[in-house]
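I have placed the structure first, in the form of structure tokens, so that the comments after it can refer back to it.
Residues: numbered from 1 along the sequence shown. Bear in mind the structure is a predicted one, so any value in this text is a computation, not a measurement.
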Amino acid sequence: MSYAMVLCAALEGVTGHIVRVEADLAAGLPVVVLSGLPDSALNEARERVRAAIVNSGEPWPQRRIAVNLDPADLRKRGSAFDLPIALSILGGTGTLPLAGLDGVLVLGELGLDGSVRPVRGVLPMAAAAARQGIAKAIVPVGNAAEAALVPGMRVLAADTLGRVIGFLRGQCALIEPPEALPQPGGPQPDLADVAGQEMGRLGLEVAAAGGHHLALFGPPGAGKTMLAQRLPSLLPRLDDAASLEVTALHSIAGVLSPGEPLLRRPPYQAPHHTASVPALVGGGSGLARPGALSLAHRGVLFLDEAPEFTRQALDTLRQPLEDGTVTLGRSRGVVVYPAQVQVVLAANPCPCARPTGDAACACTPQVRRRYLGRISGPLLDRIDIQLELPPLKAAHLFTDATARESSPVVAQRVAAARETAAARWAGLDARCNGEVPGTVLRQRRWRLPDDVTRELRRRLDTGAMSARGHDKVLRLAWTLSDLTGLDRPGKAEINTALTLRDGGKP
């Protein structure tokens, strides 16, 4: 037999596609020809596969070998095709029976010594195979726990090409995936560590309860970074669907920890202010890979020293904050990554950021405006909560930390508020108030009385607030009512929401 086929998978963004790896051996000069739109990493598989086969004790066929990756119009990237290519070539020689691979997904990179090494994106590829009715997969040992997360997928692991060859010949068994044990994780920062800043703590709680974006302005040492770092500790743990979604993104990016195959905590990303646009929203050669924005999906993206980011990098956040997705177009195609994140911006009042006192700030009002103006108005308009934090006093620093509310205590209120909101918006595709469309809030069923929203309407009519800002204040008011156990917001909630919205506008 000179023809053999093994099933593999390719990725387009977060979407997996089944690929048939076909090998045909014919008389002619000994050469390997790859077709089916392979990338450079895949073109280099020829030498990896040849060395792995020889070093596994198998003879290299001295024939013309044509390897086709079907469908031919789908671009193939990465090294996950190495193991399927090697098995299809050996199957084409007639010396290796491939009956055991019928309806089996095979993934893995080969080392020159025949070892099978982990690859990126195993989780979404295995999930795509499961949707196509494939119920069994052979993956590298390092990816076995990740692939086993797919419901209904029978996973076997391989550490060497020789083991897979022995398995197909009935001479040995493959490795069972390790049992997925819950990972305790390290300690999270506690909100009790934050001294003073009662308004900042309220803003953080409201942001966590409603999924709202947050901007913190204030002098150095006021607690902006401490507050932002403690936001994930207030958020509920990810449910099964969200965990698989977040884990798949981290798998594609190659940043998934081997000891934690399933991410249960909301992710936290804090890129440095020198981060480029591709690092922030995604990029790379070929089809773009996810950036910090998508890696923070279902979690928090913290931009410290926000005015120090380039204006272009900050403005790339405007569309994802509205749509919850990142659409990246490249010459080789377009990919869409999810990006439902909570953005937290932090900024000093001026470039020098000197405290008041003997060494008072000498920045002019024009310098201050220019500095904070690096955060564009359209981006700031998309930030629900904008707070200006005052400098800390000695009395704040020396208060007993046990008297402050801790993260677990606040997280209980956040969870209860989120459950209330989820029950209210059960018919919508919204998990919290921050994701509810403004048109829904203005419907007769949810519309607030005119006497409650009079001040809000006045600001909209005078141009002091945009229509987007109007809807964000309504969402904040609903979150405040959920936290206090009310059926719907009143004047007090609207006024507090206006304070949270405008309190930090420079």
Side-chain angles (χ1 to χ4, degrees), residues 8-17 39-42 75-82 107-109 117-129 139-140 142-150 183 185 232 238 241-272 274-303 313 316-317 320-321 323-330 332-343:
C8 190
L11 284 175
E12 276 190 321
V14 293
T15 304
H17 301 274
D39 70 347
S40 57
L42 189 48
R75 291 192 177 275
K76 322 299 188 307
R77 299 168 185 84
S79 55
F81 298 89
D82 289 5
L107 301 169
E109 176 185 327
R117 298 172 179 173
V119 295
R120 298 181 178 184
V122 166
L123 179 58
M125 289 191 283
V139 301
N143 297 123
E146 178 185 346
L149 298 174
V150 179
Q183 298 294 323
L238 302 176
S243 292
L244 290 173
E245 197 174 25
V246 171
T247 303
L249 284 166
H250 284 244
S251 175
I252 293 169
V255 296
L256 188 63
S257 173
E260 193 175 7
L262 185 64
L263 299 177
R264 283 294 187 181
R265 288 181 175 179
Y268 175 81
Q269 293 287 317
H272 193 260
T274 57
S276 63
V277 172
L280 192 59
V281 299
S285 61
L287 286 186
R289 289 178 178 171
L293 184 61
S294 292
L295 293 179
H297 178 58
R298 304 292 189 188
V300 177
L301 176 67
F302 176 45
L303 302 183
T316 56
L317 300 176
L321 293 187
D323 301 341
T325 59
V326 178
T327 303
L328 301 171
R330 297 294 185 269
R332 297 185 180 180
V334 177
V335 293
V336 179
Y337 290 116
Q340 291 184 335
V341 304
Q342 285 186 253
V343 171

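- We find the NE2-SG distance between H17 and C8 to be 13.0 Å, quoted to the nearest 0.5 Å.
- Minimum heavy-atom separation, V326 to V281: CG1-O, 3.5 Å.
- Summarising the geometry, atom CE belonging to M125 is positioned 11.5 Å from atom CZ belonging to R120; distances are rounded to the nearest 0.5 Å.
- Expressed to the nearest 0.5 Å, how far NE2 of H250 lies from NE2 of H297 amounts to 9.5 Å.
- L303 is listed as a side-chain neighbour of L280, based on a closest heavy-atom distance under 4.5 Å.
- Using a 4.5 Å heavy-atom threshold, the side chains of I252 and L11 count as touching.
- Of all heavy-atom pairs between A127 and V150, the closest is N-CG2, 3.8 Å.
- Checked by atom type and distance alone, the side chain of S294 never pairs as donor or acceptor with a backbone atom of G291 at under 3.5 Å.
- Across every non-hydrogen atom of A248 and L123, the tightest pair is N-CD2, 3.7 Å.
- Considering all non-hydrogen atoms of both residues, S243 and L262 come closest at CB-CD1, 3.6 Å.
- For the atom pair CD of Q342 and CG of L301, the computed distance is 11.0 Å after rounding to the nearest 0.5 Å.
- The two atoms that bring D39 and L42 nearest to each other are OD1-N, 2.9 Å, heavy atoms only.
- Residues R265 and L238 share a closest heavy-atom pair of O-CD1, 3.6 Å.
- T325 contributes no side-chain N or O that, together with a main-chain N or O of A339, makes up a donor-acceptor pair within less than 3.5 Å.
- Put simply, the side chain of P124 does not reach to within 4.5 Å of the side chain of V14, judged on heavy atoms.
- To the nearest 0.5 Å, atoms CG (L293) and CG (L321) are separated by 7.0 Å.
- Here R298 contributes atom CZ and L263 contributes atom CG; the two are 13.5 Å apart, rounded to the nearest 0.5 Å.
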